[in-house]
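Quick notes on the structure that follows.
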There are 2 protein chains.
Amino acid sequence: MLKVPNHQVAGHQAGDGKLGPLVDDSGNFYKPLQSDDRGSKEVFFYTSFSSNTNIPNHIRRFFPTFHGTQLIEASNGSGKQPHLVLQDIFSGRLNPSIIDIKIGSRTWYPQASEDYIQKCFMKDTKRSSLALGFRIDGLQIYESEGSGFWKPDRKLIHKFTAEDVRLVLRRFISSNSFAGVDPDCTFASTIYGGSGGILAQLLELKEWFEHQTIFHFYSCSVLMVCEKESVVKEMSSGAEVKLVDFAHVVEGKGTIDHNFLGGLCSLIKFISEILTCSDVHTAKASLQDP
Amino acid sequence: MLKVPNHQVAGHQAGDGKLGPLVDDSGNFYKPLQSDDRGSKEVFFYTSFSSNTNIPNHIRRFFPTFHGTQLIEASNGSGKQPHLVLQDIFSGRLNPSIIDIKIGSRTWYPQASEDYIQKCFMKDTKRSSLALGFRIDGLQIYESEGSGFWKPDRKLIHKFTAEDVRLVLRRFISSNSFAGVDPDCTFASTIYGGSGGILAQLLELKEWFEHQTIFHFYSCSVLMVCEKESVVKEMSSGAEVKLVDFAHVVEGKGTIDHNFLGGLCSLIKFISEILTCSDVHTAKASLQDP
């Protein structure tokens, strides 16, 4: 049984006769191949990445597993269409908080058409990409059983300033992630910090990007995922980093992906600052304990 | 006595009635203030940088010392004009090999005028900036007492491809740095390598750029300097990294300079590869020794 994913925060969404990705109960994610060359480019990337023996296993885990392509009934009722079959990275998760972050101060690649470059250039300038080296493209943050998720409108997200971005990254790891409240960053050390936390994972990715010259990842997203309820119950935080969206990946040709790396380092700095800041708060609090 | 510098490889050059920097015998470098706002912006940068107590000393050494501004006779005969008084970083050097590398895939800052952005955008695309995250803006490489320096024409430098850049970075540390000869990379381990070498210095800078959010350095250059003759004589290699040209520095506003950092990491990758490659050669050669 194919169905519309519960936890999609960005990109084209299926439903109401629209074309979008679908999932099944076995943990597969079916992404329709985009009709222009983006579809074939993403297939090319996954095929080439899967078979490339130079990708270390500890890096491979940041990418959804690829199971080939398949003709399935498209969500818009247009009949059987080719889809990428990928790992459903949210399969088995109950209430995941998710932030989709498009990395890079520019989302266009030098070989692109002038029209495409112009379109991306304008978007990168208007959004936070140019200033921060990344932008938030979608998010859902779990608040509570009663109020469910905070999932702001696309239009609101498109207006995010540097300060809004900082606030979202703090709400992501707070127990009081409600609008108008100063986020308490309670879960910073468990979700961002620690050896398996988001920061450690981003630093592992960064180290690879300092050396790898195989691919340049334009317009690709880092997904940050966690489960706040699990932290409360003292189970695993489910903190996970995944890379998605490879329709604009090009060959590295012997040069590192300085555009992606710069943006990734900028994101890392934002996360480290929140972590350091919350450490200071925790230290202060424990000093005040009797 | 003011005179035209012996070792200038990029930028406006004094002489023939043209305005350019001058040096004296006491180790000072006099840079005329550019008449548009670039001059005042560079003074502002040096003043602000000098007085900023958040700059660690081990980072300060990468910047020319600033001695204020002074009215001196301009090189173009236009009378007394305001000049920045800086440390002459080549003072006391005999035959320095120098590469001037403009860092960043873009040389323009978001707040610049549309005309300026357009001009830089075209240049960054034509030159290697967009592809590599940096470009070579000038160079002189010492060949021998007989033939002196290899100092290619500006027009030739502007056409440098990724492969040309790689070749220049290899000629910089070779004993046979002549045109048409495969560079032997003899001095790689002494000039690029070692605890005081170019790579170690670049990595130190990189570490600072991963954290500092005070300044964003657009259109700023990394100078790499060395003295090959000294290496031959088993004296210090004089390997030195300096940052110069701060007419387009803007405030960081709490974000790291991801544009500079990305380009710097790309340069570091080029240098590391040459070093690793030459290590392999040396290891092979010593294995072949009886």
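Within every chain, numbering begins at 1; the chains are lettered A, B, ... in the order of the sequence lines, protein sequences first and strands thereafter. Because the structure is predicted, anything quoted here is derived from the model rather than measured.
- A distance-only check finds no donor-acceptor pair linking the side chain of B:His216 to the backbone of B:His258 [under 3.5 Å].
- Under 3.5 Å, the side chains of A:Thr161 and A:Asp164 contain a donor-acceptor pair of N or O atoms.
- Side chain of B:Ser237 to backbone of B:Ile191: no donor-acceptor contact under 3.5 angstrom is found.
- Looking at B:Phe121, the atoms closer than 4.5 Å to chain A (heavy atoms on both sides) all sit in the side chain, from C-beta outward.
- The six-membered or imidazole ring of B:Phe134 lies near that of B:Phe270, with a centre-to-centre distance under 6.0 Å.
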Starting from the C-alpha separation in whole Å, work towards a yes-or-no answer on salt bridge (Lys or Arg N to Asp or Glu O under 4.0 Å) for A:Lys102 and A:Asp245. CA-CA 9 Å; A:Lys102 194 166 277 198; A:Asp245 295 338; 6.0 Å; no
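- Heavy atoms closer than 4.5 Å to chain A are found nowhere in B:Tyr109, neither backbone nor side chain.
- If you measure heavy-atom distances from B:Leu261 to chain A, the contacts under 4.5 Å come from the side chain alone.
- Interface residue B:Ile117: only side-chain heavy atoms are found under 4.5 Å from chain A.
- Chain B forms more heavy-atom pairs under 4.5 Å with one residue of A:Thr125, A:Thr213, A:Thr255, A:Leu130 than with any other, namely A:Leu130.
- Ranked by heavy-atom pairs shorter than 4.5 Å toward chain B, the options A:Lys253, A:Lys206, A:Glu273 are led by A:Lys206.
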